[in-house]
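Before any comments, here is the structure.
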Amino acid sequence: MSADTPALEPRLFADDDAIIATGEAFLARTLPKAEWTHEAHLAACAWLVKGRPDIVPERDLPRLIARYNEATGGVNDDTQGYHETLTQFYIAVVRAHVAEAGESARLVDVVNALLQSPRGARSYPLRFYSRERLFSVTARRGFVQPDLRPLPLPPRA
């Protein structure tokens, strides 16, 4: 995206129920592929972090996303599908955002604020990673550290 190209406005969620429905459909692998957007990824992750203590995103999302991709006709290979570095990067971002918002914050408010913030942007990882490194096979298959500047959050143990 060039400097004169406006950023896409994020698709916001109407309420908690819309986020929960997205997350549940993702887990059930019934969410239409066209609805598995960047916003849906972040919303589902926030719902998991905030409301599903039985799921550990760092451990479980790789398998869940890969299975979802396959169930909707996608492929997880060296050029498409599941991407480990992006997944772990955004889990850390979502966790930090949810923690900052506080336990009593409504899910829809947390998610929509994240989507409207710089760190909810699709391009946010490129502040830390060069395109070449982030979109490498190595980064897709396993977590890699950034090459432009340190991550803003420590990795979760």
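In this text, all values refer to a predicted model and were calculated from it rather than measured experimentally. All residue numbers in this chain count up from 1 along the given sequence.
Counting only distance, with no hydrogens or angles, the side chain of T85 and the backbone of G142 share a donor-acceptor pair below 3.5 Å. Side-chain N or O atoms of K50 include none that pairs as donor or acceptor with a backbone N or O of R106 at under 3.5 Å. Under a 3.5 Å cut-off, the side chain of R140 and the backbone N or O of E84 do not form any donor-acceptor pair. N76 places no side-chain N or O within donor-acceptor distance of the main-chain N or O of G81, the cut-off being under 3.5 Å. Between the side chain of K33 and the backbone N or O of N69, no donor-acceptor pair lies under 3.5 Å. The main-chain N or O of L126 is never found under 3.5 Å from a side-chain atom of S123 such that the two would form a donor-acceptor pair. Checked by atom type and distance alone, the side chain of H83 pairs as donor or acceptor with a backbone atom of L134 at under 3.5 Å.
The side-chain heavy atoms of L61 and F26, taken from C-beta on, include a pair separated by under 4.5 Å. R95 is listed as a side-chain neighbour of P57, based on a closest heavy-atom distance under 4.5 Å. Two residues are said to be in side-chain contact when any heavy atoms from C-beta on lie closer than 4.5 Å; L148 and R127 fail this criterion. The closest side-chain heavy-atom distance from Y129 to L86 is not below 4.5 Å.
For the atom pair CG (N112) and CZ (R11), the distance works out to 13.0 Å, reported to the nearest 0.5 Å. Here L115 contributes atom CG and H97 contributes atom NE2; the two are 8.0 Å apart, rounded to the nearest 0.5 Å. Within the model, atoms OG1 of T22 and CG of L31 stand 6.0 Å from one another, a figure rounded to the nearest 0.5 Å. Within the model, atoms CH2 of W36 and OH of Y68 stand 7.0 Å from one another, a figure rounded to the nearest 0.5 Å. Annotation: the span from E58 atom CD to I91 atom CD1 amounts to 5.0 Å, rounded to 0.5 Å.
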Could you go step by step and tell me if T79 and F135 meet the side chain to side chain contact (heavy atoms under 4.5 Å, CB included) rule? CA-CA 8 Å; T79 61; F135 297 111; over 6 Å; no
Between Y90 and H38, does the ring-ring contact (aromatic ring centres under 6.0 Å, His included) criterion hold? Intermediate values first, please. CA-CA 10 Å; Y90 274 113; H38 174 72; 5.3 Å; yes
Decide yes or no on side chain to side chain contact (heavy atoms under 4.5 Å, CB included) for T87 and I65, but give the supporting numbers first. CA-CA 9 Å; T87 298; I65 292 171; 4.0 Å; yes
Should W47 and I20 be marked as a side chain to side chain contact (heavy atoms under 4.5 Å, CB included) after you check the CA-CA gap, both sets of side-chain angles, and the distance that decides it? CA-CA 7 Å; W47 170 65; I20 294 166; 3.7 Å; yes
Test side chain to side chain contact (heavy atoms under 4.5 Å, CB included) applied to L114 and V110, step by step: CA-CA 6 Å; L114 173 61; V110 172; 5.7 Å; no
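There is a path of hydrophobic side-chain contacts, each under 4.5 Å, that joins F143 to V93. Taken together through direct or relayed side-chain contacts under 4.5 Å among Ile, Leu, Val, Met, Phe, Trp and Tyr, V108 and L12 form part of one hydrophobic cluster.
Ion pairing between a basic and an acidic side chain is recognised when a charged N comes within 4.0 Å of a carboxylate O; R141 and D78 show such pairing. Salt-bridge annotation for R122 and E39: present, with a side-chain N of the basic residue lying under 4.0 Å from a carboxylate O of the acidic one. For E70 and R29, the salt-bridge test fails: no basic side-chain N is under 4.0 Å from an acidic carboxylate O.
Scanning both residues, A44 and G23, for their nearest heavy atoms gives CB-CA, 4.2 Å. Contact detail for A43 and I19: the closest heavy-atom pair is O-CG2, 3.6 Å.
Under the side chain to side chain contact (heavy atoms under 4.5 Å, CB included) criterion, D60 pairs with I55, V56, R63, L64, sequence neighbours left out. Not counting sequence neighbours, the partners of Y124 by the ring-ring contact (aromatic ring centres under 6.0 Å, His included) test are F89, F128.
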